[in-house]
Amino acid sequence: MPDEYQVLIVGGGPAGLAAAEAAAAKGMRTLVLERQNEIGYPIHTSGGSWISDMKALKVPDHLYHPVTKIVFVSPKREFEVNYNPAVACVIDIRGLYQHLAGRAVSAGAEIRVRHTVDKVLTDGERVAGVTYKNHVSERSEVHADVTIDASGFSRHIGVRTNMGEAFHRYGFGAEYDLYAPHYPQDTVYLIMGSEYAPQGYAWVFPRGNGRVRLGTGVIHPDCDNDARVYLDRILHMPQLKEKLRGASPVEYHTGLFPAVRPVERFCRDGLVLAGDAGAQGSTLVGEGIRFAMYSGQMAGEVAAEAVQQRDVSGVFLSRFDKKWRARFGRDMELSYLINKHIAAYTDQQWDDAFDLLKRLTPAQMAQALHCDYSASLFMGIMARNPMLVATGGKKFLNALLERINKPSVAVAEG
């Protein structure tokens, strides 16, 4: 006999685990299927985030490392922004994911690792569960009232159920996790330009105890460069030579991130897409973890409500779609528009952009990187950069302002 659950979650990342905790907390029989051998490995993300969100999401402070200085580097420009107290942080990825798993289990959810989804089960038009292969290669199936696809970039269920195609535009990132005894643990580097990150950006993120994540990401198919070939070049760039003296990699990570608009719809009968499976992260800097956790919480709560109301139709489940777009839809649309605009920057354009960016206040810079867009932010940017009035930059900012003043709507994948 197949297993029977009320809420089935495919994927043990932050979206899936947050969804599991939320659903189980409402009394749902909840199962998470994770294809990897353990939660939180392998690592596919750099882990940059924001302290305010970690606190809002009830993440213990020992799982993130605060940083107080951000240094921006373009081919011929460099400037730094200081924060006291810190607003940004670098997450302990494996520690956070395992913490979320513990919360989900404590709420009543069950997690099965090394369980690989094979096929989607349907009952008419409703997604009714999946078949899977377990850790000893036995095949079985599980039925569920609601299935949540939180499988990330691969979006195993969404693709199989015609909820949008595989992502055709995506960020490809590669990263060393270094032991770097001389690196200042309060300082982040964000690096732009063709030498280190063509049509993307590079980063150096300290995460405490002498550890540093150094990586780069490029956007395909905007360019066909391989992010991996730039790692050693960044490791030896002049600005980092002394800071990375004696450093050596102890881990190597790669990852993919959807660089598209959120998919057109997140729900159908018996199914919800959450996190990267629905392209619900910010394409501005490829940030997904906090958005995945928020999305997972919403998805788990709506799934539980649907089961309680005995209505798992796409119409009922689309409450998640409405909630998500009301909170994040506009900002994610703007992030995508900005990403498309700056991804094609030449080295000279990055230098020119830095001449403008360095005029922003620390608060404005943090607000922009946090994807907390508002008319006052863009008006402030224009006020601090009078030269925009005479350039194409004003036209672009006015287009963003016009988008801000429109209500959030569902948009097709871009």
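Under the side-chain contact (heavy atoms from CB on, under 4.5 Å) criterion, V136 pairs with N134, E138, sequence neighbours left out. A search for salt bridge (charged side-chain N to carboxylate O under 4.0 Å, His left out) contacts involving R94 returns E38, not counting sequence neighbours. In this view, H370 and W50 satisfy the ring-ring contact (aromatic ring centres under 6.0 Å, His included) rule, not counting sequence neighbours. When the ring-ring contact (aromatic ring centres under 6.0 Å, His included) test is applied to F153, the partners found at least two apart in sequence or on another chain are F167, Y170.
Few gaps surround CZ on F79; more than 12 heavy atoms of other groups in view lie less than 6.0 Å from it. More than 12 heavy atoms of other residues, nucleotides or ligands lie within 6.0 Å of CD in E251, so this atom counts as buried by the packing criterion. The number of heavy atoms from other shown groups lying within 6.0 Å of CZ (R126) is above 12.
Between W324 and F266, the ring centre distance stays below 6.0 Å.
Among pairs with a residue in residues 274-301, those fulfilling salt bridge (charged side-chain N to carboxylate O under 4.0 Å, His left out) read D53-R290, E287-R290, at least two apart in sequence or across chains. Residue pairs that meet the side-chain hydrogen bond (donor to acceptor under 3.5 Å, both in side chains) test with at least one member in residues 7-31, sequence neighbours left out, are E21-R103.
With Y294 as the aromatic partner, R327 meets the cation-pi criteria of under 6.0 angstrom to the ring centre and within 45 degrees of the ring axis.
Residues D269 and S313 have side chains that never bring a donor and an acceptor to within less than 3.5 angstrom of each other.
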